[in-house]
Amino acid sequence: MQELFATLTPGTEEWRLAGLLDPARLPAHIAVIMDGNGRWAKLRGLPRAAGHKAGVEPVREVVETCARLGLECLTLYAFSMENWKRPRAEVDTLWRLLRYYLKAELPRLARNNIRLNVIGRPDSLPAQAFRELEETIARTAGNTGLRLNLAINYGGRQELTDAVNSILSEARRKGQLAGLVVDEEAITNHLYTAGMPDPDLLIRTSGEMRVSNFLLWQIAYAELYVTETLWPDFRKLDLLRALVEYQKRDRRFGGLTMGRTHSEVTEQWAETVPAGEPA
Ligand code: IPE
Ligand code: IPE
Ligand code: MG
């Protein structure tokens, strides 16, 4: 948090909003559906590719701000499995931009101690983009700060399907297929996000009120924040607005207590109510 203040100018709206934040109640994990690049370009009479290009700067700014806030995880929806339905030229532009981003950002990821990770099925990407992605992941693997997940060729249903198949093949390998019982923990541990906290806050830009096959399992209790701002216009100020709004929410997780994360509240219950017994 201190690191963020060092980059803000006193008296600005960003400074004011950052001052409203309680550092102890920041989300551990923010997920973002970066939407509206095409509409941004259309409004300016530009080709859709120009919107995607303009969408790189907010990625940079949001990533750096989350690192400075000391968050654990940031997941950005960059390309859905359904996005293959778009014209070939647009899809190719996205891979070119991904390669440009990786190359340009590596020093910044290193400087901010950010570890890159990919969720989805990135092996279907064009070979060069896939290779460069793997390289950047390997080069940042030793970083211990923010974990940046890029959701690329990602689908929530596909992730759940992959998790189930991975549970099955593990059990088969161990000779434990007969009588196999799958529980929530097993599914959670076989998702692409295994070992990471669930998103506390899901932001979607450009006003669309849907989740578009994003993190279906993990967002069970995420706070939703939809802004009309188009992704290429999204800046630190917009992120701070979302965080201030997030901290106003009363997160009950089905109970009555206000808690910060699902696991914290579950722990509180464990102390007071015997599991499975009506209170
Ligand atoms: C989001 O912007 C970027 C990707 C899905 C890759 P869109 O390209 O979906 O922009 P709109 O929704 O058409 O404005
Ligand atoms: C969701 O946006 C996917 C990404 C942001 C990568 P879309 O623009 O593809 O979603 P829909 O088609 O509006 O649901
Ligand atoms: Mg869209």
Side-chain angles (χ1 to χ4, degrees), residues 29-63 66 73-102 104-105 116-126 128-130 132-133 136 148-162 191-193 199 201-219 222-235 238-239 242:
H29 186 171
I30 298 181
V32 188
I33 302 177
M34 310 184 287
D35 198 15
N37 295 353
R39 275 162 280 178
W40 184 93
K42 196 172 175 199
L43 277 170
R44 287 163 179 75
L46 296 169
R48 291 180 58 85
H52 294 311
K53 196 163 167 228
V56 174
E57 186 52 35
V59 171
R60 200 168 272 153
E61 194 161 316
V62 166
V63 168
C66 287
C73 268
L74 170 68
T75 301
L76 301 177
Y77 204 2
F79 191 87
S80 75
M81 287 193 72
E82 291 77 23
N83 286 150
W84 291 108
K85 292 175 192 162
R86 298 186 181 199
R88 174 73 191 267
E90 178 169 348
V91 173
D92 284 347
T93 298
L94 291 168
W95 303 140
R96 254 199 315 283
L97 280 171
L98 172 67
R99 293 181 56 206
Y100 161 77
Y101 173 80
L102 294 171
E105 286 316 280
L116 183 69
N117 183 48
V118 67
I119 62 170
R121 295 182 183 168
D123 46 342
S124 316
L125 263 61
Q128 219 166 0
F130 179 59
E132 288 168 18
L133 190 57
T136 315
L148 170 61
N149 292 318
L150 291 183
I152 300 180
N153 195 22
Y154 174 89
R157 289 185 169 188
Q158 290 77 11
E159 179 180 32
L160 283 163
T161 310
D162 284 352
L191 295 173
Y192 306 143
T193 53
L201 171 62
L202 172 66
I203 298 174
R204 183 165 188 152
T205 58
S206 88
E208 232 70 76
M209 294 287 185
R210 53 177 174 262
V211 292
S212 302
N213 204 11
F214 192 40
L215 302 174
L216 297 180
W217 178 275
Q218 298 92 328
I219 60 169
E223 293 299 324
L224 309 181
Y225 180 86
V226 177
T227 169
E228 291 296 326
T229 303
L230 305 172
W231 178 251
D233 292 327
F234 195 89
R235 288 294 179 278
D238 303 275
L239 181 65

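Atoms within each ligand, like the ligands themselves, are counted from 1 in listed order.
Every atom of ligand 2 with a heavy atom of Phe79 under 4.0 Å away is listed here by number and element: 6 (C). Atoms of ligand 2 found under 4.0 Å from any heavy atom of Asp35, numbered from 1 in the order shown, are 2 (O), 8 (O).
Considering backbone and side-chain N/O of Asn83, one or more are found under 3.5 Å from N/O of ligand 2. For the pair Ser212 and ligand 2, the shortest N or O to N or O distance falls below 3.5 Å. The shortest N/O to N/O separation between Arg48 and ligand 1 falls below 3.5 Å.
Using a 4.0 Å cut-off between a side-chain N of Lys or Arg and a carboxylate O of Asp or Glu, Arg96 and Asp92 do not qualify as a salt bridge.
In this structure a side-chain-to-backbone donor-acceptor pair under 3.5 Å is missing from Arg99 to Glu132. No donor-acceptor pair closer than 3.5 Å links the side chain of Asn153 to the backbone N or O of Gly120.
Protein heavy atom nearest atom 6 (C) of ligand 1, with residue, atom name and distance: Ala78 O, 3.3 Å. Of the protein's non-hydrogen atoms, Met34 O, 3.0 Å is the one closest to atom 1 (C) of ligand 1. Nearest to atom 10 (O) of ligand 1 among the protein's heavy atoms is Gly38 N, 2.9 Å.
Here CD1 of Ile119 is found 9.5 Å from CD1 of Ile152. Values are rounded to the nearest 0.5 Å.
Only one option out of Glu82, Glu159, Arg157 pairs with Asn213 in a side chain to side chain donor-acceptor pair (under 3.5 Å); it is Glu82.
Of the listed options Arg210, Lys85, Arg204, Arg204 places a heavy atom closest to atom 2 (O) of ligand 2. When the heavy atoms of Glu90, Arg39, Arg86, Glu208 are ranked by distance to atom 8 (O) of ligand 1, first place goes to Arg86.
Taking 2.8 Å as the criterion, Asp35 counts as a coordinating residue of the Mg ion (ligand 3), since one of its N, O or S atoms falls below it.
Using a 3.5 Å distance cut-off with no hydrogens or angles, the side chains of Asp35 and Tyr77 do not pair a donor with an acceptor. A donor atom on one side chain and an acceptor atom on the other are not found under 3.5 Å apart for Arg204 and Thr227. Counted by atom type alone, Gln218 and His29 present zero donor-acceptor pairs between their side chains at under 3.5 Å.
Using a non-hydrogen distance threshold of 4.0 Å, His52 registers as a contact of ligand 1. Taking 4.0 Å as the cut-off, Ala41 does not count as a neighbour of ligand 1 on heavy-atom distance.
Neither the backbone nor the side chain of Ser206 has any atom closer than 4.0 Å to an atom of ligand 1 (non-hydrogen atoms only).
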Steps toward side chain to side chain donor-acceptor pair (under 3.5 Å) verdict (Asp162, Tyr192): CA-CA 9 Å; Asp162 284 352; Tyr192 306 143; 2.5 Å; yes

